[in-house]
Amino acid sequence: MTSRVRLLLTLSLLIAAPPTRAEGPALDSGELPEYHAGDPDAAIVTEASLLANERFWPYHVGLVRAWQPEGRETPLPLGTRGVLIRIDEAGQARIDFGRDGLFEVPVSATDIVELANRVRRGELEKMAPNYVLAIGPRLVDAAADPPRGFPFRDVGAHGAFLSVFADPQGEDFEGLVAALAPLRQRAGLLTIFFPQGSRPDSSVYERVRAAEWPIPFVYDHLTQPYTNTLLPDGIEPPAILLQTPEGRLLFQRRWTPEVTAELLAAIDRAVPVEKVER
C-alpha cells in the first residue's frame, strides 16, 4: 500500500459520518464564503415565480398540510420537515424527508413560498446556495497529493456544476473521461464525481488520477444516498446532471457518447465563454 493510499484510508476513518441531508451539513463559519441572498427590493416571490427566483429557495422546508405520497400507507403529517432538493417547471418540489422518504411534493403543500419570501426580506439567512451547501463540505480533492478535503470556499466560486454518476471500474468509464475531462478547465464550471459501485475512497482516488481526471469526488459512504437524492426517477448511472448552485436542473441524461454535443450546448448557456477582444 502506498503512503498516499494509507493516508486516504486514515482520513476516511477519521471523518465522522455527517448528518443526513434532511438535517443539513455541519460547517464552521470560517469555511463559508461570504454570501448574501436577501434582497428586500426584489419582487415578492410567488409559486409561479419560484424558478425565476431560485436564489431565495430555502434549504429546509415543511408541509403546511398533511400530504399523501403515492405508495405510502399513511400521509406525512402537517409540519413534516425536509430538505429542498429542487423545484421543477411543473411546480413540483423534490424534497428529502430523511427517514420519511424522498418525494415530489406540490409546492402548494409546503411552506416554500413563505420561506422564500423570508429569505428575500433578509429574515431567514442562507449560508450558501443549496446545492453548494449540501455537497461542498463532502468532497475529496483528487488533485491534491496527499489527498485532502476539497476547499468549501472553492466550491462556492462556481456558477454551474456537472454531477457525474459512474462506476470508475466500469467499461464505459474511459470513454466518459475522454469526453468530460476537457470540461475540467472550463471557467465557472465544477465537475463533481459520484463514484458508483461502493468503491473505496482510496481506489477512486487512484483511478481518477491514473485517468488524468483528478476532479473532486464524494466520499464513498455518502455516494449512494446522494445518488438516490439527486438522480431523477428513470435515469440510471452512468448519468450526468448539469445544475445551478441552487440545484436547479439545466440538463439531465443517461450518459452515452452521443449526448456530448447537447451537454456542451447546455454548458455554454449556463456559463458562457467570455469573448476576448482583440
Side-chain angles (χ1 to χ4, degrees), residues 20-22 50-51 54 57 69-72 82-98 101-107 129-132 134-135 138-139 158 160-181 183-184 186 189-199 204 208 213 215-271:
T20 66
R21 171 135 189 177
L50 276 169
L51 281 182
E54 60 182 288
W57 287 1
E70 183 178 351
R72 181 184 166 95
V83 167
L84 175 63
I85 309 305
R86 55 180 171 259
I87 298 168
D88 64 25
E89 295 180 356
Q92 297 289 304
R94 187 173 180 88
I95 301 175
D96 185 348
F97 291 104
L102 174 70
F103 300 105
E104 308 288 340
V105 184
V107 168
N130 285 2
Y131 181 82
V132 172
I135 301 297
R138 290 148 182 185
L139 300 175
H158 294 82
F161 298 87
L162 180 61
S163 302
V164 180
F165 305 80
D167 184 346
Q169 301 300 330
E171 60 182 16
D172 46 16
F173 185 71
E174 290 186 4
L176 180 147
V177 170
L180 300 184
L183 296 174
R184 182 167 174 257
R186 182 63 177 266
L189 177 73
L190 181 65
T191 303
I192 297 177
F193 186 34
F194 294 74
Q196 306 295 296
S198 298
R199 307 299 184 186
V204 175
V208 296
W213 195 46
I215 60 172
F217 64 89
V218 177
Y219 289 103
D220 174 65
H221 69 288
L222 296 172
T223 292
Q224 195 56 53
Y226 275 106
T227 298
N228 296 341
T229 296
L230 293 171
L231 272 188
D233 297 338
I235 297 183
E236 299 291 333
I240 50 176
L241 303 181
L242 181 65
Q243 299 163 276
T244 68
E246 295 290 351
R248 179 168 61 88
L249 280 179
L250 303 174
F251 184 86
Q252 55 179 319
R253 290 288 191 282
R254 191 175 193 278
W255 167 256
T256 65
E258 291 73 26
V259 308
T260 303
E262 290 182 80
L263 171 63
L264 292 177
I267 291 172
D268 285 343
R269 292 190 294 271
V271 282

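As the structure is a computational prediction, the values presented were derived from the model and not from experiment. Numbering of residues begins at 1 and proceeds along the displayed sequence.
Counting only heavy atoms from C-beta outward, the side chains of R186 and D268 approach each other to under 4.5 Å. Contact check for V132 versus F161: side-chain heavy atoms found under the 4.5 Å cut-off. Looking at R86 and P232, their side chains come closer than 4.5 Å, going by heavy atoms from C-beta outward. With a 4.5 Å cut-off on side-chain heavy atoms, I235 and R253 do not count as touching. Side-chain contact between I87 and Q92: absent, with no pair of heavy atoms (C-beta onward) separated by less than 4.5 Å. Two residues are said to be in side-chain contact when any heavy atoms from C-beta on lie closer than 4.5 Å; E89 and L51 meet this criterion.
In E174, the CD atom is not crowded: 12 or fewer heavy atoms of neighbouring residues, nucleotides or ligands sit closer than 6.0 Å.
Among L180, I192, L241, the one residue that satisfies the side chain to side chain contact (heavy atoms under 4.5 Å, CB included) test with V164 is L180. Remark: of the listed residues F165, F217, W213, W213 is the sole one forming a ring-ring contact (aromatic ring centres under 6.0 Å, His included) with F193.
Across all non-hydrogen atoms, the minimal contact from L84 to A93 is CD1-CB, 3.9 Å. For F251 against E262, the heavy-atom pair with the smallest separation is CE1-CB, 3.6 Å. Residues P238 and L176 share a closest heavy-atom pair of CB-CD1, 4.4 Å. Heavy atoms only, all atoms of each residue included: Q196 and Q224 are closest at OE1-OE1, 4.0 Å. The shortest non-hydrogen separation linking V271 to A160 is CG1-CB, 4.0 Å. Smallest separation of non-hydrogen atoms from G247 and Q243: O-NE2, 3.7 Å.
Salt bridge R94/D88: absent, no basic N to carboxylate O contact under 4.0 Å.
S163 and Y131 share a donor-acceptor pair across their side chains, judged by distance under 3.5 Å alone. No donor-acceptor contact under 3.5 angstrom links the side chains of E246 and T244, judged on distance only.
One finds the CG atom of L242 at 10.0 Å from the CZ atom of R248 (value rounded to the nearest 0.5 Å). Note that CG of L183 and CG of L190 are 11.5 Å apart. Values are rounded to the nearest 0.5 Å. Here the straight-line distance linking atom CG of L189 with atom NE2 of H158 works out to 7.5 Å at 0.5 Å rounding. To the nearest 0.5 angstrom, N130 atom CG is 9.5 Å from E54 atom CD. One finds the CG atom of L263 at 7.0 Å from the CH2 atom of W255 (value rounded to the nearest 0.5 Å). If you take CD1 on I240 and CG on L231, they are separated by 11.0 Å, rounding to the nearest 0.5 Å.
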